[in-house]
Engineer: 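I am attaching a structure below and will ask some questions about it afterwards.
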Amino acid sequence: MRRPGRVGGAAVLALVAALGGCSHPRPDPGPAAPAPASGSPGPASASAGPSATDRLPGFVVLSDVDPRIHSDIRYATDHNFVGRPIAAYPEPLCLLTRPAAEALRRAQDAALAGGHSLKVYDCYRPQPAVDDFVAWSKSPREQQTKAEFYPRLDKDRLFADGYIGAPTAHSRGSTVDLTLVDEPPASQPPFLPGQPQVACTAPVGQRFADNSVDMGTGFDCFDTRAHTADSRVSETARTNRQLLKRLMADAGFVNYDREWWHYRFRDEPYPDTFFAAPVARSSVG
């Protein structure tokens with residue numbers, strides 16, 4: 001998930017253009033892509049490849065392909081960096097292109113052989129959700145989740161420091177945010193809105209009690225400690241990050257180095273298309 005500062009519409013578009021060729025041949029950003037100017041076509045309609053708003057051709061529900069993989073689809077809940085369910089997430093599902101889902105099944109086979117399981121946080125992300133992130137980024141008063149998700153970063157730096165980017169690979173349907181859990185997984189206490197927040201950089205056992213193995217930070221932690229190779233996390237966390245990276249690489253996925261949880265399927269079938277259909281079983285074609 002990649003990300004560039006909270007600015008007005010014209011400035012955001014200029015920033016998008018500047019970011020288009022940096023870091024990766026095809027950017028692998030995280031939560032957001034800046035919204036188009038009023039009256040301009042969005043990424044789905046502007047892309048060179050096929051586009052869709054109501055259906056997702058060749059997509060599947062991950063649990064239909066591999067029900068062994070656990071899920072915790074945060075953007076369908078209140079527990080995310082915005083602090084409420086995100087637009088276009090009516091159902092807490094992981095939707096992916098079939099090749100990506102089948103590759104993830106291979107990674108799951110390998111994880112289980114070592115006593116672990118995959119757990120997904122986010123998969124396909126619709127363009128309206130991306131636009132929702134951008135709208136949030138432009139609202140300086142909406143900072144109710146700062147203490148957990150970006151405790152050491154000013155909100156207006158989320159774009160400039162690369163924590164929200166444009167466009168997001170998630171909208172192409174072959175990118176996934178995930179972690180490892182022990183198998184069988186430990187129980188995870190429910191998130192209760194209004195509960196005291198703890199920084200995502202706090203030690204395991206103090207931050208939100210996710211049942212993930214220790215990865216050094218929580219999911220969607222906007223901090224340099226979330227960089228995959230950051231040396232300041234514990235040896236256990238470094239080992240777990242490298243294990244996840246190896247399992248995913250062997251299955252054909254590429255990590256985004258600023259987020260230990262973010263992986264794009266290398267042979268994605270829609271490398272130039274950004275879809276808009278909602279995260280719902282009815283969207284799968």
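It should be emphasised that the depicted structure is a prediction, and the values quoted were computed from it without experimental measurement.
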Engineer: For K146, does the NZ atom sit with more than 12 other heavy atoms under 6.0 Å from it, leaving out its own atoms?
Structural biologist: yes
Engineer: Can you get from L153 to F81 by hopping between Ile, Leu, Val, Met, Phe, Trp and Tyr side chains that sit under 4.5 Å apart?
Structural biologist: yes
Engineer: Is there a donor in the side chain of D132 and an acceptor in the side chain of Y89, or the other way round, less than 3.5 Å apart?
Structural biologist: no
Engineer: Do we see a donor-acceptor contact under 3.5 Å between the side chains of T224 and R232?
Structural biologist: yes
Engineer: State yes or no: do V213 and V120 share one hydrophobic cluster built from I, L, V, M, F, W and Y residues joined by side-chain heavy-atom distances below 4.5 Å, directly or via other members?
Structural biologist: yes
Engineer: Are any side-chain N or O atoms of S171 and backbone N or O atoms of R125, one a donor and one an acceptor, separated by less than 3.5 Å?
Structural biologist: yes
Engineer: Does a side-chain heavy-atom distance below 4.5 Å link P269 with S174?
Structural biologist: yes
Engineer: For a 4.5 angstrom cut-off between non-hydrogen side-chain atoms, does R281 reach D64?
Structural biologist: yes
Engineer: Between V61 and V284, is there a side-chain heavy-atom distance shorter than 4.5 Å?
Structural biologist: yes
Engineer: Show your working on side chain to side chain contact (heavy atoms under 4.5 Å, CB included) between V204 and T236 and close with a plain yes or no.
Structural biologist: CA-CA 11 Å; V204 66; T236 296; over 6 Å; no
Engineer: If you look at every heavy atom in K119 and Q188, which pair is closest and at what distance?
Structural biologist: NZ-OE1, 3.0 Å
Engineer: Of the non-hydrogen atoms in L178 and Y263, which two are nearest, and what is the gap between them?
Structural biologist: CD2-CD1, 3.6 Å
Engineer: Can you check whether L192's main-chain N or O pairs, donor with acceptor, with Q195's side chain at less than 3.5 Å?
Structural biologist: yes
Engineer: Using 0.5 Å steps for rounding, measure from the SG atom of C221 to the CZ atom of R152.
Structural biologist: 8.0 Å
Engineer: Look up atom CG in D72 and atom CG in D210, then write down how far apart they are to the nearest 0.5 Å.
Structural biologist: 6.0 Å
Engineer: If we ignore hydrogens and angles and just use 3.5 Å, is the side chain of T239 paired with the main-chain N or O of E235 as donor and acceptor?
Structural biologist: yes
Engineer: What's the spacing between R258 CZ and D230 CG if we round to 0.5 Å?
Structural biologist: 12.5 Å
Engineer: Counting N and O atoms only, with roles assigned by atom type, does the side chain of Q108 sit under 3.5 Å from a partner on the main chain of L118, one being a donor and the other an acceptor?
Structural biologist: yes
Engineer: Report the distance from atom CZ of R105 to atom CG of L62, rounding to the nearest 0.5 Å.
Structural biologist: 10.0 Å
Engineer: Show, in sequence, the C-alpha distance, side-chain angles and deciding distance for M215 and L244, and conclude whether the side chain to side chain contact (heavy atoms under 4.5 Å, CB included) test is met.
Structural biologist: CA-CA 10 Å; M215 290 292 188; L244 177 61; 4.0 Å; yes
Engineer: For D122, run the side-chain contact (heavy atoms from CB on, under 4.5 Å) check against T175, V176, D177 and tell me which one passes.
Structural biologist: D177
Engineer: Would you say L93 and I73 are hydrophobically clustered, going by side-chain heavy atoms of ILVMFWY under 4.5 Å?
Structural biologist: yes
Engineer: Any non-hydrogen side-chain atom of P278 less than 4.5 Å from a side-chain atom of P128?
Structural biologist: no
Engineer: Please check if the side chain of Y150 supplies one atom and the backbone of R157 the other of a donor-acceptor pair under 3.5 Å.
Structural biologist: no
Engineer: So, for A251 and A107, which heavy atoms are closest and what is the spacing to 0.1 Å?
Structural biologist: CB-CB, 3.8 Å
Engineer: May I ask you to decide if Y75's main-chain N or O and R84's side chain share a donor-acceptor pair within less than 3.5 Å?
Structural biologist: no
Engineer: Taking all non-hydrogen atoms of both residues, which atom of R172 and which atom of D272 are closest, and how far apart?
Structural biologist: CD-N, 4.2 Å
Engineer: Under 4.5 Å between any side-chain heavy atoms of W261 and T217, yes or no?
Structural biologist: yes
Engineer: Could you tell me whether the side chain of R238 and the main chain of S231 form a donor-acceptor pair under 3.5 Å?
Structural biologist: yes
Engineer: Quick one: does E183's side chain have a donor or acceptor within less than 3.5 Å of a partner on L112's backbone?
Structural biologist: no
Engineer: Let me confirm one number: the CG-NE2 distance from N255 to H227, rounded to the nearest 0.5 Å.
Structural biologist: 11.0 Å
Engineer: Could you check whether any side-chain N or O of K155 sits under 3.5 Å from a backbone N or O of R141, counting only pairs where one atom can act as donor and the other as acceptor?
Structural biologist: no
Engineer: CZ of F275 to OH of Y270: how many Å apart, nearest 0.5 Å?
Structural biologist: 5.0 Å
Engineer: Do side-chain atoms of N211 reach the backbone of A186 as a donor and acceptor pair under 3.5 angstrom?
Structural biologist: yes
Engineer: Would you call R207 and D214 a salt bridge, taking side-chain N to carboxylate O under 4.0 Å as the test?
Structural biologist: yes
Engineer: Classify the ring geometry of W260 against Y121: parallel below 30°, tilted from 30° to 60°, perpendicular beyond 60°.
Structural biologist: perpendicular
Engineer: State, with a plain yes or no, whether a side-chain heavy atom of F253 is found less than 4.5 Å away from one of L247.
Structural biologist: no
Engineer: Assess the pair F208 and F219: is the distance between their ring centroids shorter than 6.0 Å?
Structural biologist: no
Engineer: Looking only at non-hydrogen atoms, find the nearest pair between V279 and Y124 and report the distance.
Structural biologist: CG2-O, 3.8 Å
Engineer: Identify whether L243 and M248 are in the same connected component of the hydrophobic contact network (ILVMFWY, side-chain heavy atoms under 4.5 Å).
Structural biologist: yes
Engineer: Within the 3.5 Å criterion, strictly below it, is a donor on T201 or D223 matched to an acceptor on the partner's side chain?
Structural biologist: no
Engineer: Under 4.5 Å between side-chain heavy atoms, counting indirect links through other Ile/Leu/Val/Met/Phe/Trp/Tyr residues: same cluster for L95 and I69 or not?
Structural biologist: yes
Engineer: Locate the shortest heavy-atom distance separating Q144 from V82; write the atom from each residue and the value.
Structural biologist: NE2-O, 3.6 Å
Engineer: Between V233 and R241, does the side chain to side chain contact (heavy atoms under 4.5 Å, CB included) criterion hold? Intermediate values first, please.
Structural biologist: CA-CA 10 Å; V233 298; R241 290 181 182 188; 3.5 Å; yes
Engineer: Check D109 with R68, please: is the shortest side-chain N to carboxylate O separation under 4.0 Å?
Structural biologist: yes
